[in-house]
Amino acid sequence: VMGNCSNTLGIPPGKGPHQVGCADLMVDHTVQGSFFRLYYPCEPSPSSEKPCWIPSQEYFDGLADFMKINRSFAERIFNYLYGSYRIPAFWEAPFKSNGKYPLVIFSHGLGAFRTLYSAICAELASRGFVVASVEHRDESGSATFYFKENSQMQQQAHQADTKNSKPVQENLEKVWMYYRALKPGEEEFSLRNNQVQQRANECIRALKILDEINSGKSVTNVLQSEFDWSSLKNSLDLCKTAVMGHSFGGATVIETLCKELTFKCGVALDTWMVPLKEEIFPNVKQPILFINSEKFQWAGNIIRMRKLDSASIQRKMITIRGTVHQSFPDFTFLTGNWIGKVLKLKGDIDPHLAMDLSNKASLAFLQRHLSLDKDFNQWDPLIDGKDENLIPGTNIHATHLATLQYF
Ligand SMILES: CCN(CC)CCN(C[C@]12C[C@](c3ccc(C(F)(F)F)cc3)(C1)C2)C(=O)Cn1c(SCc2ccc(F)cc2)nc(=O)c2c1C=CC2
């Protein structure tokens, strides 16, 4: 697909008992359709390979747009730095049918896309979750694609394309959608609030597609895939469904919980509260775990998170010492120490330790609110910030918060 994706080091594999498989699903082919990467417990399959972390060059182009750097310059840097990495999951490995798995829908951040949180998604899948990492079409991601029907298509020779992103149908033409920057003078809130509503609808659409697959309905995957999606029939316990996300994806968690009660709880990673209307907060009835980095948060953002505090619904907040905003996406593992620090892709804490704390706190919270019968409750103390590398609540100084409250 890309350069030789030879580097299987870098992104840590899941620590749980299950091997992890992954496969992409797009239903239907239009921009209103659902597009996600599924991470799931799989049968050991030595023949399966691990897919490239960045599926095609267009994602690097989108990242360049997002970072406001020249595309050809960025392509060389990104290919050199990141072109060879693989995801810690086996591409289209056979699904391991073993009772009903709980489900997590994951929402990526601004400028990201569906493959960039594989350390989190693979960890959850290795612990016995099915995880759908959606790719949003709200122009908040670096890049995404869909298809449009083009009757002239038959005559054209097919451009050389990566196997698993070529459409099955002949007359479909791939269309790339890139990150849309805020226009000068454009009001940020209305753009971001429209986007968070679309993002929530896309998470709900992914849930509906998986509900159909679970009940045995056959779905047509627009993408060429050898994966047998019918093997997921009766394998999901949709009463045990959660929504999770990073930054803009954290705001998407709150908006999604408000719109769809099938989601029993949410885990919001370093949430960006700006896109949300505060008047929806009383309508959110489900438990939420806020896991924050030490460096990204600011008083105004924390004050809005605090407005979701509740005496009757469990709302928890912890902060991981020495972390930055990028301690949650996969980049944090892939950049050498000094570049990582300079680009703020790494904090002071070891990235593996930070990810471990975040994942274990998430697993404990998911067990508690999805009533799982696993041993994740061993990590309950982390939910209360009981660890030398955790701060219960936030590091944003209370006095600072207090004064801001009244002005
Ligand atoms: C100047 C651009 N300006 C755009 C508004 C701000 C750019 N920015 C800080 C960045 C992302 C950064 C990044 C990525 C990737 C490399 C690389 F070199 F490793 F590729 C380097 C440096 C650039 C750190 C953020 O937006 C932070 N952020 C994010 S970052 C999510 C993300 C994006 C791309 C990824 F590859 C991985 C993760 N998600 C959000 O939902 C929100 C925010 C802020 C508010 C809401």
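Order of appearance sets the numbers: ligands from 1, and atoms from 1 within every ligand.
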Can you label the angle between the Tyr117 ring and the Phe106 ring as parallel, tilted or perpendicular, going by 30° and 60°?
tilted

Out of the candidates Asp270, Thr394, Thr319, Thr271, only one should pair with Gln297 under the side chain to side chain donor-acceptor pair (under 3.5 Å) rule; please name it.
Asp270

Among all residues two or more places apart in sequence or in another chain, which pass the ring-ring contact (aromatic ring centres under 6.0 Å, His included) test with Phe281?
none

Residues at least two apart in sequence or cross-chain that pass side-chain hydrogen bond (donor to acceptor under 3.5 Å, both in side chains) with His136, listed by chain then number, are Ser107, Glu202

Quick one: which of Phe147, Phe60, Tyr59 gives a ring pair (Phe, Tyr, Trp, His ring centres under 6.0 Å) with Trp176?
Tyr59

Return each pair, listed once, that meets side-chain hydrogen bond (donor to acceptor under 3.5 Å, both in side chains) where at least one residue sits in residues 272-284; pairs must be two or more places apart or across chains.
Glu278-Arg304, Glu278-Lys307

I'd like the atom pairs linking ligand 1 to the protein - N or O on both sides, separation under 3.5 Å - with distances to 0.1 Å.
| unit_1 | atom_1 | unit_2 | atom_2 | d |
| --- | --- | --- | --- | --- |
| ligand 1 | 39 (N) | Leu110 | N | 3.3 |
| ligand 1 | 39 (N) | Leu110 | O | 3.4 |
| ligand 1 | 41 (O) | Leu110 | N | 2.8 |
| ligand 1 | 41 (O) | Ser247 | OG | 2.9 |
| ligand 1 | 41 (O) | Phe248 | N | 2.9 |

